[in-house]
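All residue numbers refer to positions in the sequence shown, counting from 1.
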Amino acid sequence: VSFTLINIVATSMVGALVISSAKIIIIQEIKKKLLISIENVENIANIHLDSLRSLTVNFSSDIFIKDSLKEINNTGSASAVNGLNELIKNKKSLEDAAMPLISTFVMNRNGVVVASNGQEEMGKNEQDSAYFLEGKKELTIINPEKNKYSGSNDFFLEIAVPIVDKNTREFFGVIVNIFNAEMFANIIEDINIKNTDELKTLSVYLVDKQKNVLLNRNKELDRAANTINTLPVEQCLNSGKKIIGTYINHFDKEVIGASICFLGNEWTLIGEFDADEVFAPMKNMNRALVIILIFIIVFTIFIMYIVSGILLKSIEKLREALGIISKGNLDYRIDIKTKDELGGVANVFNEVMANLKKNKLELEEKSSELEVIVEKKTKELKNRISQIDTVSKTILLMTEDTENQRQKIITEKDKIAAILQSIADGVFVVDKDLKVIVVNEVVAKMTGYKTEEILGIKYFEKLKFISEDTEKI
């Protein structure tokens with residue numbers, strides 16, 4: 001069981017590590033592809049935008065347009081209007097072959113269209129339009145609402161430039177060029193086609209500051225709501241930041257995407273891959289890992305079944321051997337010849353039995369020798385005990401004699417004390433150290449001391465004697 005668990009855990013860990021590494025590598029590769037794709041779109045788009053800006057700026061710097069517009073502002077000259085309109089029409093015909101110029105019109109300082117290559121624009125007051133309000137300040141690129149021009153669903157750009165006097169900076173009006181920006185759609189379509197063979201779900205599209213999809217080749221986005229409120233769009237419009245990573249797209253699907261902000265952070269260019277498609281190889285790896293784990297489990301169980309049979313036979317032999325040995329047969333040996341752990345246990349067991357038998361024989365021999373020694377020591381001990389008993393009896397007899405002598409001495413002492421007490425004169429006895437050892441009551445009465453106070457001290461410390469001759473102490 002432990003072996004099976006170790007195999008499963010090890011395989012799972014290795015598989016998870018491989019899948020995790022593969023996921024990181026795939027994500028890195030996808031991010032790289034996305035960045036290259038949208039950076040290519042950005043670079044090509046900027047080239048085209050620069051050419052459109054240059055064309056419009058060239059229109060605004062035309063001396064004839066400036067002079068004509070100045071005269072129209074000051075006098076309202078009809079001839080100046082006709083001449084300006086003729087020029088505008090001629091310029092459009094010159095540019096049609098190279099650039100997708102749809103229309104050009106000029107507004108005076110009050111926002112009234114005074115020249116146009118389309119009669120429907122003439123005389124309109126556009127002073128509240130975005131291209132006039134923004135265009136009189138600086139060059140401005142505006143993407144108009146869909147269906148604004150001739151009911152077409154194509155992508156258009158309005159580029160407005162102020163017309164001013166180069167020296168005095170006097171404002172004369174605004175010139176607007178309207179371009180069909182289908183070229184941008186072609187760029188996006190080309191990038192989609194180049195990546196189709198690798199991943200089918202690559203989608204590159206352009207979103208404006210109103211969060212509307214300007215260009216795309218994703219039919220699902222055509223059916224989407226009016227605005228795109230995804231993370232790349234929010235980041236670009238709110239903080240001008242590009243992102244690259246995993247997020248939820250407009251259709252609540254997980255995607256791996258990247259975005260770039262350009263045109264003053266008013267446009268968001270987004271490239272996305274469907275995460276399900278990107279991670280499909282890892283799902284296959286997961287399935288392969290499960291199959292491998294199942295195989296390991298089945299194979300391990302099969303091996304365990306075979307090994308367990310061998311182990312059970314060896315264990316049975318061990319159990320039988322223990323039963324025989326428990327009855328005292330130390331000559332029995334286990335016959336297991338395998339080279340596994342049980343074979344090693346059997347060899348050790350046989351060695352232990354051999355040593356045990358040897359030790360038993362040595363112990364029996366030592367036991368016999370010890371009995372002889374013990375018997376000898378026992379005899380010696382008995383002799384010693386007999387001698388000690390004899391000495392003890394002798395000492396006891398001597399002790400009884402000593403006690404009798406002591407009692408006699410006490411009796412004699414008591415007699416002497418009685419004699420001394422009966423003598424009418426004062427009598428005391430001292431030892432060799434002149435200490436009083438016996439004193440009668442007469443001495444105590446004569447000296448005024450108690451007998452207890454006199455006994456044990458040197459006699460001259462308490463007793464004083466007066467010479468009969470000199471009457472001195």
Side-chain angles (χ1 to χ4, degrees), residues 11-45 184-185 187-208 211-262 265 267-294:
T11 306
S12 300
M13 291 179 65
V14 171
L17 181 62
V18 170
I19 292 173
S20 177
S21 300
K23 185 175 182 179
I24 293 172
I25 293 171
I26 290 174
I27 291 176
Q28 294 288 349
E29 188 65 23
I30 291 300
K31 287 180 179 179
K32 182 179 178 181
K33 287 179 179 290
L34 285 172
L35 280 176
I36 292 173
S37 297
I38 62 176
E39 284 176 355
N40 286 340
V41 172
E42 181 188 25
N43 292 335
I44 298 172
F184 297 109
I187 297 168
I188 292 175
E189 183 178 13
D190 290 341
I191 289 178
N192 275 326
I193 292 172
K194 289 178 182 178
N195 289 274
T196 298
D197 294 336
E198 299 176 11
L199 291 171
K200 306 294 183 181
T201 60
L202 173 61
S203 177
V204 180
Y205 56 98
L206 188 64
V207 180
D208 65 10
K211 302 181 182 179
N212 296 317
V213 177
L214 297 178
L215 293 172
N216 73 90
R217 282 295 178 266
N218 186 338
K219 293 182 179 180
E220 288 187 352
L221 282 173
D222 289 337
R223 296 191 295 270
N226 291 331
T227 57
I228 303 295
N229 292 304
T230 58
L231 179 63
V233 176
E234 295 294 335
Q235 288 290 324
C236 184
L237 296 180
N238 295 333
S239 57
K241 293 181 180 178
K242 65 180 181 180
I243 69 166
I244 180 166
T246 304
Y247 57 89
I248 303 300
N249 72 355
H250 188 69
F251 299 101
D252 292 329
K253 292 182 179 179
E254 185 181 22
V255 295
I256 299 175
S259 65
I260 289 180
C261 308
F262 68 104
N265 297 334
W267 288 357
T268 306
L269 181 62
I270 302 171
E272 296 173 345
F273 281 108
D274 191 328
D276 289 338
E277 183 186 28
V278 172
F279 298 138
M282 279 175 284
K283 291 181 180 179
N284 295 332
M285 292 177 66
N286 283 330
R287 286 193 288 269
L289 178 61
V290 172
I291 293 172
I292 292 172
L293 289 175
I294 293 173

Exercise. Roughly how far, to the nearest 0.5 Å, is the CD1 atom of Ile228 from the NZ atom of Lys211?
Worked result: 10.5 Å
Problem set entry | side chain to side chain contact (heavy atoms under 4.5 Å, CB included) involving Ile244 - partner list, sequence neighbours excluded | Lys31, Leu35, Ala258
For this session: Can you measure from CD1 (Ile256) to CZ (Phe273) and round to the nearest 0.5 angstrom?
Result: 9.0 Å
Problem set entry | Candidate pair His250 and Val213, rule side-chain contact (heavy atoms from CB on, under 4.5 Å), full reasoning | CA-CA 11 Å; His250 188 69; Val213 177; over 6 Å; no
Exercise. Does Val255 reach the side chain of Tyr247, with side-chain heavy atoms less than 4.5 Å apart?
Worked result: yes
Exercise. In chain order, what residues pass the salt bridge (charged side-chain N to carboxylate O under 4.0 Å, His left out) check against Glu254, with sequence neighbours excluded?
Worked result: none
Exercise. Mind checking what makes side chain to side chain donor-acceptor pair (under 3.5 Å) contact with Asn238, not counting sequence neighbours?
Worked result: Glu234
Exercise. Are Ile270 and Val204 close enough that some pair of their side-chain heavy atoms sits under 4.5 Å apart?
Worked result: no
Exercise. Is a side-chain N or O of Ser259 found less than 3.5 angstrom from the main chain of Thr268, in a donor-acceptor match?
Worked result: no
Seminar exercise, completed: Sequence neighbours excluded, the answer for side chain to side chain donor-acceptor pair (under 3.5 Å) partners of Asp208 is Asn143
Seminar exercise, completed: The side chain to side chain contact (heavy atoms under 4.5 Å, CB included) partners of Asp252 (sequence neighbours excluded) come to Ile248
For this session: Using the side chain to side chain contact (heavy atoms under 4.5 Å, CB included) rule, pick out the option among Leu237, Leu231, Asn229 that qualifies with Val233.
Result: Leu237
Problem set entry | Test item: Glu272 and Asn249 side chains (from C-beta on) under 4.5 Å apart, heavy atoms | yes
Exercise. Once you round to the nearest 0.5 Å, how far does CG of Leu206 lie from CD1 of Ile260?
Worked result: 11.5 Å
